[in-house]
Enquirer: 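Submitted below is the structure of interest, expressed as structure tokens.
We name chains A, B, ... by the order of the sequence lines, and we start the count at 1 in each one. Fair warning: this is a prediction, and the values are worked out from it, not measured in the lab.
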Amino acid sequence: MNRRTILLLQILVGLGFFVIWHFGTTVPMPNGKPLINPFFFSTPLDVLARTWKDFASGVIWRHLYVTALEMVLAFIIGSVLGIVVGFWFARRALTAAVFDPYVKAANALPRVVLAPIFALWFGLGIWSKVALGVTLVFFVVFFNVYQGVKEVSPTVLANARMLGMNNRQLLRHVYMPSAMSWVFSSLHTSVGFALVGAVVGEYLGSSAGLGYRIAQAEGVFDVTGVFSGMLVLTAFVILVDLMVSAVERRLLVWRPSAPTSTAQG
Amino acid sequence: MPQDKPSTVAGEYPAAERSAVELDAVKVAYGDRDTSYVAVARADLTVRRGEFVAVVGPTGCGKSTLLNIAAGLIRPSAGVCRIDGVPLDGLNGAAGYLFQADALMPWKRAIDNVAIGLEIRGVSRSEARERATGWLARVGLRAFTDRYPHQLSGGQRKRVALAQTLILEPKLLLMDEPFGPLDAQTRQLMGELLLGLWSEDRKAVIFITHDLEEAISLSDRVVIMSAGPGATIIGDYPVELERPRDPAEVRHTAAFARLHREIWDHLKSEVVKAYAQEDSR
Ligand SMILES: Nc1ncnc2c1ncn2[C@@H]1O[C@H](COP(=O)(O)OP(=O)(O)O)[C@@H](O)[C@H]1O
Ligand SMILES: [Mg+2]
């Protein structure tokens with residue numbers, strides 16, 4: 001099976017979907033109504049037209065900016081916390097053992113239920129969304145750092161010690177690169193989670209952002225608006241994912257083949 | 001204690017003063033008291049300065065264990081390990097260790113892997129890299145300095161590891177089946193390379209191998225270990241083949257064949273024993 005054929009078929013599937021959607025919602029049946037009710041499903045051309053209008057008038061940029069900002073902040077804060085705590089736990093067996101059940105419990109909690117609390121604590125601005133994203137990103141990074149430190153090859157470690165490294169140098173030249181390689185290979189997941197935190201937070205209560213746009217449209221049964229919001233969000237996710245892939249390729253050049261994971265957004 | 005060679009300087013202090021490594025009644029047991037596994041029951045071994053000692057023995061007998069003792073990576077359960085006559089406490093800073101498994105830092109390029117030992121000793125980055133380039137050239141990897149370990153073949157990785165160790169000019173070189181996973185031709189080339197580098201400054205070497213021919217062709221002495229558990233050193237054969245020697249050529253001499261037959265007869269019974277034990281487990 002060559003890649004050309006696959007690509008062609010992929011495009012065909014996409015086109016087929018839009019063609020069915022288009023004709024299903026616009027061509028009247030014998031009873032005078034289209035097969036698919038455009039009130040509930042909109043039409044592809046309407047969605048495209050709305051999206052175009054939003055970009056042309058410029059209203060969408062502010063919302064994109066807010067969502068991107070929340071995502072970036074959640075990613076950075078969650079990663080820094082995850083790295084620090086991950087190292088701390090990995091190097092202190094007692095701490096890790098004592099906190100283990102609490103970490104597991106906290107991670108098992110569906111984070112969406114925290115959104116109202118964060119809204120209460122941090123207000124309806126960006127920080128409640130950032131906080132939600134942080135609780136998601138933190139655990140991904142934390143577990144990967146912990147694993148990365150624990151999984152350092154004992155031979156590489158023994159060799160580094162025989163070369164004369166002290167604890168600080170081991171941290172810098174052995175533990176850190178190993179942990180970071182785990183973090184980098186989970187970039188798709190953590191960046192995706194940062195976005196999930198932002199959008200879900202906006203959806204549940206805010207005054208700006210892509211999640212807010214979707215919630216607004218939903219509130220007035222504006223299905224075209226909802227789909228248009230989803231379209232912009234999807235395009236944004238794909239863009240971010242491509243950027244992450246590029247960053248990942250650069251950071252993990254020393255890997256035989258960087259494992260590819262898909263975003264969990 | 002094996003005293004097969006008379007001391008060259010009469011009236012001087014005996015082995016303790018001049019030996020590079022001295023294992024004195026070393027015993028190694030792994031695990032807790034109740035699950036204890038005695039890997040090495042008793043090992044007495046003296047390696048003189050400048051001496052190249054090969055250790056052979058059936059797999060699992062405790063060869064790597066002995067090397068780890070000399071490196072200070074593990075402590076003996078009983079007995080002492082002396083380095084230059086001083087009981088070893090902690091890591092052996094004078095030793096370079098070539099591990100059996102891949103030990104290069106996969107996230108560093110060949111040149112950075114070689115330079116790192118100097119860098120952490122405070123040598124400036126540019127000087128460390130310059131000397132590392134020199135060492136990579138000596139092991140025939142001038143064109144591969146910027147490769148990551150996964151972009152190198154097994155033999156090339158071993159050569160990087162050799163350069164990484166030798167650049168620090170260790171007084172003692174510990175090698176654990178360093179050429180084990182390589183093909184026969186590469187092994188021979190690596191043997192030649194090693195002897196060439198070794199003859200420049202004659203470090204003390206403990207060289208572990210499962211290949212008796214390799215052991216004889218490279219070393220001054222071949223030491224045989226018995227099958228575990230509770231392994232001991234059961235044979236100590238001086239290799240009186242002239243130096244400098246070509247490890248490939250020397251294999252065709254009559255003296256080599258005689259020595260090989262003699263040691264192999266001894267070793268064979270131990271290998272058979274080791275297999276019998278593996279089966280009965
Ligand atoms: N960390 C360890 N814990 C328990 N047993 C070990 C450990 N390391 C080695 N052993 C055991 O000690 C014996 C000797 O091991 P090793 O020195 O690696 O053998 P060799 O290098 O001669 O093949 C083996 O039976 C092995 O299973
Ligand atoms: Mg071994």
Enquirer: Please state whether the side chain, the backbone, both or neither of A:Arg172 comes within less than 4.5 Å of a heavy atom of chain B.
Expert: neither
Enquirer: Within the supplied structure, the quantity of interest is the number of heavy atoms (other residues, nucleotides, ligands) at a distance under 6.0 Å from A:Arg161 CZ; does it exceed 12?
Expert: no
Enquirer: Return the option, out of B:Gly117, B:Ala71, B:Pro170, B:Gly93, with the maximum number of heavy-atom pairs under 4.5 Å with chain A.
Expert: B:Ala71
Enquirer: Checking B:Leu104 against chain A: side chain, backbone, both or neither under 4.5 Å from a heavy atom?
Expert: backbone
Enquirer: Is a side-chain N or O of B:Trp107 found less than 3.5 angstrom from the main chain of A:His173, in a donor-acceptor match?
Expert: yes
Enquirer: Check whether more than 12 heavy atoms from other residues, nucleotides or ligands sit under 6.0 Å from atom CG of A:Asp100, and answer yes or no.
Expert: yes
Enquirer: Is it the side chain or the backbone of B:Ala95 that comes within 4.5 Å of chain A heavy atoms, both, or neither?
Expert: both
Enquirer: Looking at A:Ser153, A:Ala158, A:Pro154, which makes the most heavy-atom pairs under 4.5 Å with chain B?
Expert: A:Ala158
Enquirer: Given heavy-atom pairs under 4.5 angstrom as the criterion, report whether the side chain, backbone, both or neither of B:Tyr97 touches chain A.
Expert: both
Enquirer: May I ask you to check whether over 12 heavy atoms, not counting those of B:Glu130, lie within 6.0 Å of atom CD?
Expert: no
Enquirer: Which heavy atom of A:Val174 sits nearest a heavy atom of B:Met105, and at what distance?
Expert: CG2-SD, 4.2 Å
Enquirer: Any chance you could measure B:Ile116, atom CD1, to A:Leu163, atom CG, to the nearest 0.5 Å?
Expert: 8.0 Å
Enquirer: Which bit of A:Ser181 is near chain B, if near means a heavy-atom gap under 4.5 Å: side chain, backbone, both or neither?
Expert: neither
Enquirer: Below 4.5 Å from any heavy atom of chain A, which atoms of B:Arg147 appear? Answer side chain, backbone, both or neither.
Expert: neither
Enquirer: Can you say whether B:Gln100 sits under 4.5 Å from chain A via the side chain, the backbone, both, or neither, judging by heavy atoms?
Expert: neither
Enquirer: Do other residues, nucleotides or ligands put more than 12 heavy atoms under 6.0 Å from the CZ atom of A:Arg92?
Expert: no
Enquirer: Rounded to the nearest 0.5 Å, how far does NE2 of B:His150 lie from CH2 of A:Trp254?
Expert: 9.5 Å
Enquirer: So, do A:Thr155 and B:Asp102 sit near enough that their side-chain heavy atoms are less than 4.5 Å apart?
Expert: no
Enquirer: Is chain A contacted by the side chain of B:Ile120, its backbone, both, or neither, given a heavy-atom distance below 4.5 Å?
Expert: both
Enquirer: Out of A:Gln169, A:Met165, A:Met162, which one racks up the most heavy-atom pairs below 4.5 Å with chain B?
Expert: A:Met162
Enquirer: Once rounded to the nearest 0.5 Å, what's the spacing between atom CG of B:Asn113 and atom CG of A:Asn159?
Expert: 8.0 Å
Enquirer: Among B:Pro149, B:Gly96, B:Gly72, B:Pro106, which residue has the highest count of heavy-atom pairs closer than 4.5 Å to chain A?
Expert: B:Pro106
